[in-house]
Amino acid sequence: MTDLSIIARMAPVYAERRARLAARIKRGIAIIPTAPERARNRDSHYPYRYDSYFYYLTGFIEPESVLVVIAGDQPKSVLFCRDKDVEREIWDGFRYGPQQAREVFGFDESHPVGELDARMPDLLANQPQLCCHLGSDEPWDARVLGWLNAVRAQVRNGVAAPEAISDVRTVLDDMRLVKDAHELDVMRRAAQISTTAHKRAMRAAAPGRAEYEIEAELLHEFRHGGAQAPAYTSIVAGGANACVLHYVQNDARLNAGDLLLIDAGCELDGYASDITRTFPVNGKFSAAQRDIYQLVLAAQAAAIAEVVPGSSWNAPHDAAVRVLAQGLIGFGLCQGSVDKVIESGDYRQFYMHRTGHWLGLDVHDAGEYKRDGAWRKLEPGMVLTVEPGCYIRPGAGVPAHFANIGIRIEDDVAVTATGNEVLTLAAPKTVADIEAWMRG
Ligand code: GLY
Ligand code: MN
Ligand code: MN
């Protein structure tokens with residue numbers, strides 16, 4: 001069981017978020033359930049992962065929980081959670097129960113989740129607005145509609161049902177996009193564990209070893225560092241496998257003379273890190289590998305330089321594409337002027353994804369990329385990845401020495417008041433630093 005004093009210290013952080021949600025909604029009621037437990041196969045479940053929105057507002061990680069936030073002149077938050085159950089606790093471990101959960105986590109009210117259906121119609125009665133998320137879980141949608149119908153059935157008693165239904169994620173996405181000091185602290189620690197894991201993997205890689213052996217080194221370091229899980233399935237891709245963007249089989253042997261691309265990051269206390277490093281299996285870049293690597297590194301540097309307050313979301317991508325297009329022309333892989341290669345999209349044969357995404361509780365985190373048709377402006381507290389790459393499949397016009405080179409370099413970058421902070425710098429990235437680290 002987690003140290004209660006730590007949770008009690010954190011409770012005001014979550015209470016402040018609930019208060020902010022209530023203030024943003026102004027009038028009405030928000031219902032945010034956590035994620036269901038999911039069966040993997042008979043009698044066996046996937047490791048439980050709470051819903052990110054629910055966790056953001058509660059810090060509470062037990063399944064079968066629902067948060068209700070009531071906005072208005074006297075905002076309050078109500079938790080529904082599992083009852084204490086001595087018999088189940090013998091099998092599955094500690095559960096708070098409503099009373100202790102309310103005291104420790106600082107809710108205004110709490111009830112057993114078994115009372116949810118009975119209590120929700122009363123909580124919804126006479127509320128002008130219902131903020132929820134519909135459309136991602138049919139049984140949940142049916143339940144919410146059932147409560148609404150139960151309220152509507154009371155209209156002749158003078159009870160009004162909510163007139164408006166809105167998506168609570170719109171407000172929460174916006175809140176989650178700008179990280180507070182607590183979130184940045186956790187993300188720095190997640191990044192630190194993941195950089196250590198990448199360094200361990202670099203040292204472990206050698207010709208003849210299997211990709212899954214290197215994956216095991218990453219997982220070891222994640223758990224050893226206190227992270228609960230990988231934030232996503234690790235990509236450990238040797239040689240040509242690096243040109244498969246979502247390669248996750250991780251079952252091939254590593255060859256001397258090949259590169260190894262590793263895209264892996266841990267999740268710590270709900271927050272993701274997301275790092276890619278690419279390095280030579282035998283510790284020494286070939287000339288062709290070095291050429292393409294330096295190009296991707298230069299593209300990444302140009303992109304990171306654009307991560308400053310006031311910059312457009314798309315500025316890092318545009319900067320990376322310009323550097324890559326120039327380099328691809330230089331290596332004879334694209335023809336014509338830089339502008340023409342960008343305009344025609346010719347570079348996409350070798351760079352077919354975007355340069356980053358928001359990062360936070362979800363690896364591809366919540367938050368709009370455009371607002372009113374225009375790219376969002378970067379603000380202090382936003383965290384994004386910067387991850388240009390170059391993937392050269394064999395084909396017409398591809399010189400043999402470049403064929404099957406796949407490189408991506410990915411860092412996690414927080415926007416600060418004056419520029420940016422690269423959270424993942426500790427993982428070696430220059431050719432010299434990688435080769436020196438691998439020499440040991
Ligand atoms: N690892 C997921 C991504 O880079 O987007
Ligand atoms: Mn990423
Ligand atoms: Mn990644």
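Start at 1 and go down the list; that is how both ligands and their atoms are numbered. Note that the structure is predicted; figures quoted are calculated from it, not measured.
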[X]/[Y] ion pair, N-O < 4.0 Å:
X: D362; Y: R176; result: yes
X: R49; Y: E267; result: yes
X: E217; Y: R203; result: no
X: E213; Y: R253; result: yes

Name, closest N/O/S atom of [X] to the Mn ion (ligand 2):
X: E387; value: OE2
X: E410; value: OE2
X: D274; value: OD2

*Under 6.0 Å from the CD atom of E368, do we count more than 12 heavy atoms belonging to anything else shown?*
yes
*Could you check if a side-chain atom of L423 sits within less than 4.5 angstrom of a side-chain atom of V413, using non-hydrogen atoms only?*
no
*For ligand 1, which atoms have a heavy atom of E410 less than 4.0 angstrom away?*
4 (O)
*Against heavy atoms of D263, which atoms of ligand 1 measure under 4.0 Å?*
1 (N), 4 (O)
*Taking 2.8 Å as the cut-off, does an N/O/S atom of H364 lie below it from the Mn ion (ligand 2)?*
no
*Can you pull out the closest protein heavy atom to atom 3 (C) of ligand 1? Residue, atom name and distance to 0.1 Å, please.*
D274 OD2, 3.3 Å
*At a 4.0 Å cut-off, with the gap strictly under it, does some heavy atom of H364 reach an atom of ligand 1?*
yes
